[in-house]
Amino acid sequence: MNAPTDVQIIHQDGKPAFAVLLIAQYQALLNPEGEKRATLPHEVVKMNLQDGDSLLRAWRRWLGWSQSELARRAGVTQAQVARFETGKGIPRADTLLRLSNAMGVMADLLWEDETDDEA
């Protein structure tokens, strides 16, 4: 997992004593042995179904990341992330895997395969 960037360190007696971080980052730390998350949090489902966000955008928002932050962590451009989130582009398999690794989420939870709906 990449080191979180939005952490506040609280010192006590001149020494680091506490770290304050986003709940999503905390929950990612609880994930045993760095396994990728295989379930959808309620908030991600709500953003996807009620707000109309793509799964990729819903996960990014849930993690509290900007498009630029996700792009940096995944080694892609912010423009690519924007295209994927709006459905104007489809990530190649290797790009989807990089996004998946950066977010700590199984790849099939980031992208909806519309061919599944036609069966």
Side-chain angles (χ1 to χ4, degrees):
M1 182 174 109
N2 291 331
T5 57
D6 300 321
V7 176
Q8 177 186 4
I9 304 296
I10 300 173
H11 292 79
Q12 188 173 31
D13 298 325
K15 297 179 183 176
F18 304 96
V20 179
L21 62 154
L22 295 171
I23 191 67
Q25 292 171 329
Y26 170 73
Q27 290 170 333
L29 291 172
L30 295 179
N31 195 357
E33 301 176 18
E35 294 175 8
K36 291 183 181 177
R37 189 175 181 111
T39 58
L40 288 163
H42 173 76
E43 295 87 357
V44 171
V45 173
K46 180 179 182 285
M47 285 184 259
N48 179 246
L49 296 178
Q50 291 181 354
D51 300 346
D53 287 355
S54 67
L55 284 172
L56 181 63
R57 183 169 194 264
W59 274 106
R60 179 184 58 76
R61 287 180 53 207
W62 185 76
L63 288 167
W65 295 351
S66 66
Q67 288 180 346
S68 296
E69 177 67 12
L70 174 56
R72 183 187 67 76
R73 290 175 182 245
V76 299
T77 66
Q78 180 273 326
Q80 285 177 293
V81 172
R83 283 197 339 261
F84 300 151
E85 286 186 355
T86 59
K88 294 179 181 174
I90 299 172
R92 295 185 328 214
D94 63 318
T95 303
L96 186 58
L97 184 58
R98 287 200 313 260
L99 293 165
S100 166
N101 289 337
M103 299 173 96
V105 174
M106 298 293 289
D108 60 342
L109 297 180
L110 290 178
W111 196 260
E112 297 174 86
D113 184 2
E114 297 188 15
T115 59
D116 289 346
D117 295 337
E118 296 173 5

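Keep in mind that what you see is a predicted model, and the values were worked out from it rather than measured.
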Any chance you could measure Leu109, atom CG, to Met103, atom CE, to the nearest 0.5 Å? 10.5 Å
Give the C-alpha distance, both sets of side-chain angles, the deciding distance and a yes or no for side-chain contact (heavy atoms from CB on, under 4.5 Å) between Val105 and Leu110. CA-CA 7 Å; Val105 174; Leu110 290 178; 4.2 Å; yes
Please round to the nearest 0.5 Å and tell me the distance separating atom CD of Gln78 and atom CZ of Arg83. 10.5 Å
Anything under 3.5 Å between a donor and an acceptor, one on a side chain of residues 44-51, the other on a protein residue two or more places apart or in another chain? List them.
| residue | atom | partner | partner atom | Å |
| --- | --- | --- | --- | --- |
| Asn48 | ND2 | Asp53 | O | 2.8 |

Should we say atom CD1 of Ile90 is surrounded by more than 12 heavy atoms from elsewhere, each under 6.0 Å from it? no
When rounded to the nearest 0.5 Å, the distance separating CZ of Arg57 from CZ of Arg60 is 5.5 Å
Do Leu97 and Val81 sit in one hydrophobic cluster, given that two such residues count as connected whenever their side-chain heavy atoms are within less than 4.5 Å of each other, even indirectly? no
Sorted by first residue and then second, give each salt bridge (Lys or Arg N to Asp or Glu O under 4.0 Å) pair with at least one member in residues 97-110; sequence neighbours left out. Asp94-Arg98
Are the side chains of Leu99 and Phe84 in contact, using a 4.5 Å heavy-atom criterion? yes
Which atom pairs, donor and acceptor, lie under 3.5 Å between side-chain atoms of residues 11-22 and protein residues at least two apart or in another chain?
none

At what distance, to the nearest 0.5 angstrom, does CD of Glu85 lie from CH2 of Trp59? 14.0 Å
Pairwise side-chain contact, Asn101 with Arg73, heavy-atom cut-off 4.5 Å (strictly under): no
Using every non-hydrogen atom in the two residues, find where Ala102 and Trp65 come nearest and quote the distance to one decimal. O-CH2, 3.2 Å
For residues Val76 and Gln80, report the shortest heavy-atom separation together with the two atoms involved. CB-OE1, 3.1 Å
Using side-chain heavy atoms (C-beta onward) and a distance below 4.5 Å, is Trp111 in contact with Pro91? yes
Roughly how far, to the nearest 0.5 Å, is OG1 of Thr39 from NE2 of His42? 13.5 Å
Could you tell me whether the side chain of Thr86 and the main chain of Ala82 form a donor-acceptor pair under 3.5 Å? yes
